[in-house]
> 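So that we are looking at the same thing, I have put the structure below in structure tokens.
First listed ligand is number 1; within each ligand, the first listed atom is number 1.
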Amino acid sequence: MTLRKWTVGLAMLCASSSPVFAQDLKSPSVGEYVPRLGDIMSAAQTRHQKLWLAGKAQNWDLAAFELRQLKASLVEAAVLYSGIPISNVTTLEAPLNAVSAAIAAKDGKKFASAAADLTAGCNACHRTMERGFIVMKVPADPQPFGNQAFPPERKP
Ligand code: HEC
């Protein structure tokens with residue numbers, strides 16, 4: 001088969017399979033696609049950063065949302081990767097709850113200290129899993145996510 005035929009075939013395959021992808025998005029099946037742990041963690045990193053930025057901007061609705069997303073990533077890591085000691089995940093429960101409480105109380109000071117504890121929890125697991133070189137920190141400005149607005153929307 002010529003390169004051109006391959007390219008056309010590939011393009012058709014992609015075109016015909018796009019509705020399937022859309023369906024998969026609606027009802028993901030763990031058996032079909034298992035994200036790599038590093039990919040789950042990269043998502044966690046994004047959420048961790050956004051959580052911080054939203055909290056700093058006192059956008060508590062967005063912070064609550066990002067916290068939910070972050071928790072989901074951590075749960076996903078624990079469920080899909082049984083090699084992760086469960087205690088490494090459960091020790092994060094206290095700081096996660098503290099962040100949640102700070103968000104509910106709209107308390108910026110408590111939020112900052114709970115977020116720092118949470119970040120220490122990330123690093124504790126990385127150390128015990130021979131990934132001590134992956135060091136998370138409370139995000140510093142300037143922020144890399146220039147593609148999203150973090151301050152809360154002004155209500156008319
Ligand atoms: C239960 C253990 C555990 C916890 C908790 C944990 N991680 Fe990880 N993380 C890992 C492991 C293991 C890897 C290495 C994955 C690999 O080797 O592919 C990793 C990798 C990473 C990476 C590197 C991803 C890449 O591909 O560059 C980032 C970033 C990361 N974690 C962020 C976080 C953040 C942020 C938190 C806390 C909110 C966190 N992790 C909590 C176990 C953990």
> Which protein heavy atom lies closest to atom 19 (C) of ligand 1, and at what distance to 0.1 Å?
Met41 CG, 3.4 Å
> Got the closest protein heavy atom to atom 3 (C) of ligand 1, with its distance?
Cys125 SG, 2.6 Å
> Which residue from Lys71, His126, Arg47, Glu130 reaches closest to atom 33 (C) of ligand 1 through any of its heavy atoms?
His126
> What heavy-atom pair brings Ser73 and Arg47 nearest, and what distance separates the two atoms?
OG-NH1, 3.1 Å
> Please write down residue, atom name and distance for the protein heavy atom closest to atom 23 (C) of ligand 1.
Ile134 CD1, 3.7 Å
> Identify, by atom number and element, the atoms of ligand 1 in contact range of Leu92, meaning under 4.0 Å from any of its heavy atoms.
5 (C)
> For atom 39 (C) of ligand 1, which candidate among Ala115, Ala124, Cys122 holds the nearest heavy atom?
Cys122
> Any atoms of ligand 1 less than 4.0 Å from a non-hydrogen atom of Ser42? List them with their elements.
24 (C), 25 (C), 26 (O)
> What heavy-atom pair brings Ala63 and Ala54 nearest, and what distance separates the two atoms?
N-CB, 3.7 Å
> Any idea which protein heavy atom is nearest atom 18 (O) of ligand 1, and the distance to it?
Gly38 N, 3.8 Å
> For Ala77 and Leu37, which heavy atoms make the closest approach, and how far apart are they?
CB-CD1, 3.8 Å
> Are the side chain of Asn123 and the backbone N or O of Met136 linked by a donor-acceptor pair below 3.5 Å?
yes
> For the atom pair OG (Ser42) and NE2 (His48), what is the distance rounded to the nearest 0.5 Å?
13.5 Å
> Just jot down the ligand 1 atoms closer than 4.0 angstrom to any heavy atom of Ile84, in number order.
1 (C), 2 (C)
> Show the nearest heavy-atom pair for residues Arg36 and Tyr81, with the distance to one decimal.
CA-OH, 3.3 Å
> Answer with yes or no whether the hydrophobic clustering places Ile40 together with Ile84; edges join I, L, V, M, F, W, Y residues whose side-chain heavy atoms lie under 4.5 Å apart.
yes
> Closest non-hydrogen protein atom to atom 12 (C) of ligand 1, residue and atom name please, with distance?
Leu37 CD2, 3.6 Å
> To which protein heavy atom is atom 14 (C) of ligand 1 closest, and what is the distance rounded to 0.1 Å?
Arg131 NE, 3.3 Å
> I need the Lys50 NZ to Glu66 CD distance, nearest 0.5 Å.
5.5 Å
> Are any of the N/O atoms in Gln45 less than 3.5 Å from those in ligand 1?
no
